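Report on the structure given below.
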Amino acid sequence: MNFDYYCQTKIVMGPGRVREVPDLLSEVAVDGAVVMVVSDRGVKEAGIVEPVINSLKNARYEVVEFNQVSQNPRDTECLMGAEVFQKEKASVVIAIGGGSPIDTAKAIALLGPNGGRPEEYVEGKRAYVNAAPILCVPTTAGTGSEVTRSSVITLADSHRKITLKHSMLRPVTAVLDPELTLSVPKAVTAATGVDALVHAIEGYSCKGTNPVSQAMGARAMEVIVQHLPQVFEDGEDLEARAKMQEGSLLAGLCFGSADVAAVHCLAEALGSLYDTPHGVANAIFLPHVMEFNAQENVPLHAEMARFMKMAEDNDPDEEAVEKFVRQIYAFTKQLNIPLLSEIPSVQEEDFERMAELAERNNSTPSNVRSITKEDYLQILNAAYKSPIL
């Protein structure tokens, strides 16, 4: 089996370690450098950004802030950030927040030094070169983007999601401090946690997987299923928060050198049309896509069921898969994830468009079972009308 696996990101993890950001930055930036800090309004209002900025200023860095970031980041926001990067002569980018600020920061680190529009890089019209160094401080346990080469951006005009993907977009450093996740609201904790679980499941099972990714994914599934209900019930459980950061990190390392698949393709289609939070969208489609995929490879899905303790070791594979699909649905329901029909403004007449967007997603070929627009449409209808019992 031929495969490549990369992780050039330095990972720093533990309570209170966000205070080390200035020292870590000195490894890639000179004294007095202009640092662009990318966050969003929610993270800033939570009081997480200001202490980092103050510590950078005390270390003699110049700081420029950018927080015009939507929960599904737009190309227009990335272009705006790139303009600020150029105007202020920034040389390094620090992302503070969840997946949206991190993905935006990656795009700014690419567009700022090089110019152009995100789709030009995806379409091969511009080369991935000369990206600014990126340091990430995730404030949720879900994205995994702090160790991946990908940045998912929504094209504002067409509502299509595209993925910038190159090794240059891997952050040089990721600082995972579980104390920063203590203030995350319950609903966001649930959605981002399921997002991480989907990363592990799809990275483990997709056509582009490899043994290293699978080792990371297997452990991530076990950790997330055990600890997500704990932090959902008690958000101040620092030990459980740390375990969720561990699970999210491992899931990022899993899919970061493999791929995601059909769950993400549908979630990104839903998010592009309705601005549905990415983790919520993933959670809605997860059991339905697992039911579809398991028909292609029963042993693989039975194996994942056992990692997550959703089936017994001695269960026949077919029984293990049946339990897996039911318990995945029960797991998301326990976390108060809404049904597709409960998402405000979702219209059945948009399903055709969503299926088209999902099929066009560049991760569709990675799905473990070949999937067409018609298959996506059937899954959308099932998710809307037929909860798994």
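Computed from a prediction, not measured in an experiment: that's the story for all the values here. Values reported hereafter were calculated over all heavy atoms of this structure, with side chains retained and with hydrogens, waters and symmetry mates removed.
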Walk me through it: do Asp75 and Arg117 pass the test side-chain contact (heavy atoms from CB on, under 4.5 Å)?
CA-CA 8 Å; Asp75 58 336; Arg117 302 184 63 84; 3.3 Å; yes
Checking Tyr128 against Asn114 for the side-chain hydrogen bond (donor to acceptor under 3.5 Å, both in side chains) test, could you report, in this order, the C-alpha distance in whole Å, the side-chain angles of both residues, the deciding distance, and whether it holds?
CA-CA 9 Å; Tyr128 288 84; Asn114 298 301; over 6 Å; no
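Salt-bridge annotation for Arg17 and Asp177: absent, with no side-chain N of the basic residue lying under 4.0 Å from a carboxylate O of the acidic one. In this structure, Glu236 does not pair ionically with Arg241, as no charged nitrogen and carboxylate oxygen lie closer than 4.0 Å. Salt-bridge annotation for Glu65 and Lys44: present, with a side-chain N of the basic residue lying under 4.0 Å from a carboxylate O of the acidic one. The existence of a salt bridge linking Asp275 and Arg74 is confirmed by a sub-4.0 Å separation between a basic side-chain nitrogen and an acidic carboxylate oxygen.
Considering all non-hydrogen atoms of both residues, Pro101 and Ile96 come closest at CB-O, 3.8 Å. Between Phe331 and Ile224, the shortest heavy-atom distance links the atoms CZ-O, 4.5 Å.
For CD of Glu356, the number of neighbouring non-hydrogen atoms (other residues, nucleotides, ligands) closer than 6.0 Å is greater than 12. Within 6.0 Å of atom NZ in Lys323, more than 12 heavy atoms from other residues, nucleotides or ligands are found, so the atom counts as buried in its surroundings.
In this structure, OG1 in Thr139 is found 9.0 Å from CD in Gln245, a value given to the nearest 0.5 Å. For the atom pair His166 NE2 and Met168 CE, the distance stands at 6.5 Å (nearest 0.5 Å). The OG atom of Ser39 sits 9.5 Å away from the CD atom of Gln68 when rounded to the nearest 0.5 Å.
In terms of hydrophobic clustering, with Ile, Leu, Val, Met, Phe, Trp and Tyr side chains grouped at heavy-atom distances under 4.5 Å, Val280 and Val289 are assigned to a common cluster. One hydrophobic cluster, built from ILVMFWY side chains closer than 4.5 Å, cannot hold both Ile134 and Val147; they sit in different ones. At a threshold of 4.5 Å between side-chain heavy atoms, the hydrophobic network of Ile, Leu, Val, Met, Phe, Trp and Tyr places Met13 and Leu182 in two separate groups. Cluster annotation: Val49 and Ile94 are assigned to the same hydrophobic cluster (Ile/Leu/Val/Met/Phe/Trp/Tyr, side-chain heavy-atom contacts under 4.5 Å, transitive). Residues Ile328 and Val225 share a single hydrophobic cluster, defined by chaining ILVMFWY side chains whose heavy atoms lie under 4.5 Å apart.
Sequence neighbours left out, the pairs with a member in residues 155-174 that pass salt bridge (charged side-chain N to carboxylate O under 4.0 Å, His left out) are Lys165-Asp259. Residue pairs meeting the salt bridge (charged side-chain N to carboxylate O under 4.0 Å, His left out) criterion with at least one partner in residues 77-105, sequence neighbours excluded, are absent.
Checking side-chain atoms of Glu202 against main-chain N and O of Val260 turns up no donor-acceptor pair under 3.5 Å. A donor-acceptor pair under 3.5 Å is absent between the side-chain atoms of Asn293 and the main chain of Met290, judged by distance alone. Side-chain atoms of Thr154 do not come within 3.5 Å of backbone N or O of Ala156 as any donor-acceptor pair. Using modelled atom types, one side-chain atom of Thr9 and one backbone atom of Pro171 make a donor-acceptor pair closer than 3.5 Å. Distance alone, capped at 3.5 Å, is enough to place a donor-acceptor pair between the Asn72 side chain and the Thr276 backbone. Tyr376 places no side-chain N or O within 3.5 Å of a backbone atom of Leu357 that could act as its donor or acceptor partner. Between the side chain of Thr148 and the main chain of Gly256, no donor-acceptor pair closer than 3.5 Å is present. A donor-acceptor contact shorter than 3.5 Å links the side chain of Thr189 to the backbone of Pro185. Side chain of Thr209 to backbone of Gly203: a donor-acceptor contact under 3.5 angstrom is found. Distance alone, capped at 3.5 Å, places no donor-acceptor pair between the Asp350 side chain and the Arg353 backbone.
Within the 4.5 Å cutoff, no side-chain heavy atoms of Thr181 are placed close to those of Met244.
Counting only N and O atoms by type, the side chains of Asp195 and Asn282 include a donor and acceptor under 3.5 Å apart. In this structure, a donor-acceptor pair under 3.5 Å is present between the side chains of His227 and Gln230. A donor and an acceptor atom, one from each side chain of Ser213 and Asn210, are located under 3.5 Å apart.
Ring-plane geometry between His301 and Phe324 is classed as tilted, the angle between the planes lying from 30 to 60 degrees on a 0 to 90 degree scale.
When the side-chain hydrogen bond (donor to acceptor under 3.5 Å, both in side chains) test is applied to Asp317, the partners found at least two apart in sequence or on another chain are Arg306. Listed by chain and residue number, nothing satisfies the salt bridge (Lys or Arg N to Asp or Glu O under 4.0 Å) test with Asp375 (two or more places apart in sequence, or in another chain). Residues satisfying the side-chain hydrogen bond (donor to acceptor under 3.5 Å, both in side chains) criterion with Glu120, sequence neighbours excluded, are Arg126. Remark: Glu342 engages no residue in a side-chain hydrogen bond (donor to acceptor under 3.5 Å, both in side chains) (not counting sequence neighbours).
For the side chain to side chain contact (heavy atoms under 4.5 Å, CB included) with Val18, the lone residue among Ile48, Val52, Val12 that qualifies is Val52.
If you look at Tyr204 and Phe255, their ring centroids are not closer than 6.0 Å.
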